[in-house]
J.: 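Structure below; questions to follow.
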Number of protein chains: 2
Amino acid sequence: MPSISHKGRIMPSSPIRKLVPFAEAAKKRGIEVLHLNIGQPDIHSPEVALEAIHRLDMPVLEYSHSAGFESYRTGLAEYYAKHDIAVTKDQIIVTTGGSEALLFAMMSCFDPGDELIIPEPFYANYNAFAISAGVTVVPLRSSIENGFELPEEGAFEAHITPRTKGILICNPGNPTGRVYTANELERLRKVVLKHDLFLFADEVYREFCYDGTKHISAMNLEGISENVVLIDSVSKRYSMCGARVGAFVTRNAELYDTAMKFAQARLSPPTLGQVASEAALSTPKHYFEEVNREYRGRRNILVEGLNTIPEVVCPMPSGAFYCVADLPVDDADVFCQWLLEEFEHEGHTLMMAPASGFYAEPELGKRQVRLAYVLEKEKLQLAVECLRAALEAYPRTISMKERQRAARG
Amino acid sequence: MPSISHKGRIMPSSPIRKLVPFAEAAKKRGIEVLHLNIGQPDIHSPEVALEAIHRLDMPVLEYSHSAGFESYRTGLAEYYAKHDIAVTKDQIIVTTGGSEALLFAMMSCFDPGDELIIPEPFYANYNAFAISAGVTVVPLRSSIENGFELPEEGAFEAHITPRTKGILICNPGNPTGRVYTANELERLRKVVLKHDLFLFADEVYREFCYDGTKHISAMNLEGISENVVLIDSVSKRYSMCGARVGAFVTRNAELYDTAMKFAQARLSPPTLGQVASEAALSTPKHYFEEVNREYRGRRNILVEGLNTIPEVVCPMPSGAFYCVADLPVDDADVFCQWLLEEFEHEGHTLMMAPASGFYAEPELGKRQVRLAYVLEKEKLQLAVECLRAALEAYPRTISMKERQRAARG
């Protein structure tokens, strides 16, 4: 049997999926598992989008243009204009989710061995796309102590080498929920400008900002217009993760043409997902207001609740629908597995994403977990109580090392 | 502005898209362009698939499992069983089109610089995926004179080096329409076994075999069960190119697990496309019989017609819906552009795909074009007459070199 590739060997497994068999076993034992581990919202997709699918009048389910339907791109440009992002339909490539947009960006901009700076903790799959494209990820540590503020200019400078070719940010942040301020983005702008780097800005959580926090797009940073690629997706905006529709947006014509060659090779983004996404552009404003109010309420219950648990620290995020919490445990991977394998509180337990998967150096996130508030408020309340009881019950004094060994087997 | 990547620079543009502006200009002049250039069938998608979309009952358009819906994979395994291919649902990863299946295969099996032998002419986008994965394509010439028969064992052996790690075939073939015989596949089997290579078998045209030709899957070749990856797609089978649903199928557990890591990184294949594809599994037999009869009739009109034109040679293909024809012209790229720019026959002209894009060495396909018979019979008849008139009118005696220079700008 021929051997598999080096890329294939170093490709990380999903940090969450490792826990899935334990969650399934818990459910078989009759325990209700509260899923705070995933980014799949429970919010309904907009009616207009679902109706467009129900009314589909397309006898041949054809390819679209490789850049996506022109009508959809036109509508998207109008959507961006409403968010003060000035782009034309010809600066947009509709992609198969934000994932593909990021892959096109990395493939188009980076040669193997080129370095990409990413503030960590960061979305685990960034590693996977970097490995696919042969890109070297250079993590730049941000800290839970100051709510995962973007590191200072000097910290960026300290990580820049002759191979540095870009920076990737997620704003609002997954897993941190951080929304970068004008000051933080100004730091970033200076570094990008000074070193003439690409800036990939994953802004898929744009709509999810709370307490009057204003989202500032990287597309609006002065003097680096040709350096920026906006990575976008309808997955979270309209709770349509399954549509697999995203966007690669850039004002850099050469980069656009390059990415289009990758887009042509895979022929077209999904037609049905585009039909739903185009219709979703007409989603009424009150949908977003309601969704926002709901998430804000959930965030408050979860984060305020977490901070009432002894020794748990969780900065209040102002965006997305995640938070990162520091727990009084030696190893959050072991703890998360223990929750599923050995614990229950009044018939419940909870599943969280160990934060180790969001750090390039897993040790840094060893005490941390990511929680997604994609459950209704009552369940979140239950989750907080479950975690409180679990941390009381967790046998922290017995040999953690043995547990770790067993868990990692 | 930072520079784009080497990959991005060498990535080929679509050979067909270059002609698109000329086709659009022709249409603006009131000329009807007969599109024989694309693989987008005009055949209706199955009613059962469209109905499943119309009846969609899914308030949240969620991600599916990264390997695809379990119910769909179960159904797919039954579909394969009916085609005498024995696989389980756990040997299938549902992908975003055949394109993604091929990308996963290359990423999982090949390190940069590893060599992949592909009989040429071959589907142009194979080059694009190879560039994305850093794979070196080693073309192995097949010839129009013997209907693009798979080269002899000795020809494969002559191309094998210490870096050779796999062979990619397309069977039935795009662009050739060739369906490999048992003898041809036995040659291939021996080479794969002897050198322990991966064999990627793109069998997306499985259903399109004519005149009683029996398709033999690479999955059924003895002794190389763990070497084979089946690349599949619903695009052509059900005329659902826009669904973007394909499959990566292998009995090699290690390879499956590796490809799953790439699949997890992109989260999930399109949910709506999977709904349509799962429903399409119940497409009644008479749909395929009618489609097959239709294509067979079209093929006869086109290929028999082409062979009545002086100096045109077109082997009769036994599968897919393409044929490759050798034309009495110096440069098919120039001729195809001329057809759109300067020619018309009773208000019509035709658009074909120059075959240069299907060869690693474009010179080899310089006199050849690929024609897709995805138009109704009357239009195909018209296309033949159009081509006959065009070849009579084509100013072959005037300076071709000048035209080539102009066209290549």
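Just so we're on the same page: letters track the sequence lines, and every chain starts at 1.
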J.: Taking atom CZ of Arg9(B) as the centre, report whether more than 12 heavy atoms of other residues, nucleotides or ligands fall under 6.0 Å from it.
T.: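 For Arg9(B), atom CZ is crowded (more than 12 foreign heavy atoms under 6.0 Å).
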
J.: Taking heavy atoms only and a threshold strictly under 4.5 Å, list by residue number the residues of residues 98-106 of chain B that touch chain A; give 'none' if the list is empty.
T.: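 Residues in range: Ser99(B), Leu103(B).
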
J.: Applying side-chain contact (heavy atoms from CB on, under 4.5 Å) to Gln264(A) and Asn125(B), what does each step give before you reach the verdict?
T.: CA-CA 8 Å; Gln264(A) 285 173 358; Asn125(B) 287 325; 5.8 Å; no

J.: State, yes or no, whether a side-chain contact exists between Ile4(A) and Glu254(B) at a heavy-atom distance under 4.5 Å.
T.: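 Side-chain contact under 4.5 Å: yes.
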
J.: I need the Arg244(B) CZ to Ser64(A) OG distance, nearest 0.5 Å.
T.: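 Going from the CZ atom of Arg244(B) to the OG atom of Ser64(A) covers 9.0 Å.
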
J.: Any sub-3.5 Å donor-acceptor pair from Ser45(A)'s side-chain atoms to Leu61(B)'s backbone N or O?
T.: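 Flag set: sc Ser45(A) to bb Leu61(B) pair under 3.5 Å.
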
J.: With sequence neighbours excluded, tell me which residues meet side chain to side chain contact (heavy atoms under 4.5 Å, CB included) with Cys241(A).
T.: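 So Cys241(A) forms a side chain to side chain contact (heavy atoms under 4.5 Å, CB included) with Gln40(A), Pro41(A), Ser235(A), Lys236(A), Tyr63(B).
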
J.: Side chain, backbone, both or neither: which part of Pro46(A) has a non-hydrogen atom closer than 4.5 Å to chain B?
T.: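 Neither; nothing under 4.5 Å.
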
J.: So, taking the atom named CG in Leu272(A) and the one named OG1 in Thr271(B), what distance separates them when rounded to the nearest 0.5 Å?
T.: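 Between atom CG of Leu272(A) and atom OG1 of Thr271(B) there are 11.0 Å.
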
J.: Less than 4.5 Å to any heavy atom of chain A: does that hold for the side chain of Leu56(B), its backbone, both, or neither?
T.: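 Both parts, backbone and side chain.
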
J.: Tell me, side chain or backbone of Asp114(A) under 4.5 Å from chain B's heavy atoms, or both, or neither?
T.: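 Nothing of Asp114(A), per the 4.5 Å heavy-atom cut-off to chain B.
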
J.: Sort out for me which of Ser132(B), Ala128(B), Gly273(B) touches chain A most, counting heavy-atom pairs under 4.5 Å.
T.: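 The candidate making the most pairs under 4.5 Å is Ser132(B).
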
J.: Using non-hydrogen atoms and a 4.5 Å limit, figure out which bit of Phe110(A) sits close to chain B: side chain, backbone, both or neither.
T.: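 Only the backbone of Phe110(A) comes within 4.5 Å of chain B.
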
J.: CE of Met58(B) to CE of Met240(A): how many Å apart, nearest 0.5 Å?
T.: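 If we round to the nearest 0.5 Å, Met58(B):CE and Met240(A):CE are 13.0 Å apart.
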
J.: Do you know which of His195(B), Met107(B), Met260(B) has the most heavy-atom pairs with chain A at a distance under 4.5 angstrom?
T.: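 Among His195(B), Met107(B), Met260(B), the one with the most close pairs to chain A is Met107(B).
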
J.: Just verifying a value: how many Å separate Lys261(B) NZ and Lys7(A) NZ, rounded to the nearest 0.5 Å?
T.: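 If we round to the nearest 0.5 Å, Lys261(B):NZ and Lys7(A):NZ are 13.5 Å apart.
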
J.: Assess whether side-chain contact (heavy atoms from CB on, under 4.5 Å) is satisfied between Ile53(B) and Ile53(A), documenting all intermediate values.
T.: CA-CA 7 Å; Ile53(B) 291 299; Ile53(A) 292 299; 3.7 Å; yes

J.: Below 4.5 Å, heavy-atom pairs only: which of Leu267(B), Leu197(B), Val275(B) has the largest tally toward chain A?
T.: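 Winner by heavy-atom pair count: Leu267(B).
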
J.: Counting heavy-atom pairs closer than 4.5 Å to chain A, which one of Ile131(B), Asp257(B), Asn127(B), Asn252(B) comes out on top?
T.: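 Of the candidates given, the most pairs with chain A belong to Asn252(B).
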
J.: Would a distance-only check, ignoring hydrogens and angles, find a side-chain to backbone donor-acceptor pair under 3.5 Å from Thr258(B) to Gly8(A)?
T.: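 Side chain of Thr258(B) to backbone of Gly8(A): no pair is present.
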
J.: Quick one: what part of Phe262(A) sits under 4.5 Å from any heavy atom of chain B, side chain, backbone, both or neither?
T.: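 Contact with chain B involves both backbone and side-chain atoms of Phe262(A).
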
J.: Using a 4.5 angstrom heavy-atom cutoff, name the option from Gly166(B), Ala133(B), Ser268(B), Ala259(B) with the most pairs to chain A.
T.: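 When all of Gly166(B), Ala133(B), Ser268(B), Ala259(B) are compared, Ser268(B) has the most.
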
J.: Within a radius of less than 6.0 Å around NE2 of His6(B), do more than 12 heavy atoms belonging to other residues, nucleotides or ligands occur?
T.: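 Check fails, neighbour count at 12 or below.
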
J.: Find the distance between CG (Asp111(A)) and OG (Ser3(B)) and round it off to the nearest 0.5 Å.
T.: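 Reported value, rounded in 0.5 Å steps: 7.5 Å.
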
J.: Picking from Met1(B), Arg266(B), His44(B), which has the most non-hydrogen pairs under 4.5 angstrom with chain A?
T.: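 Option with the greatest count: Met1(B).
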
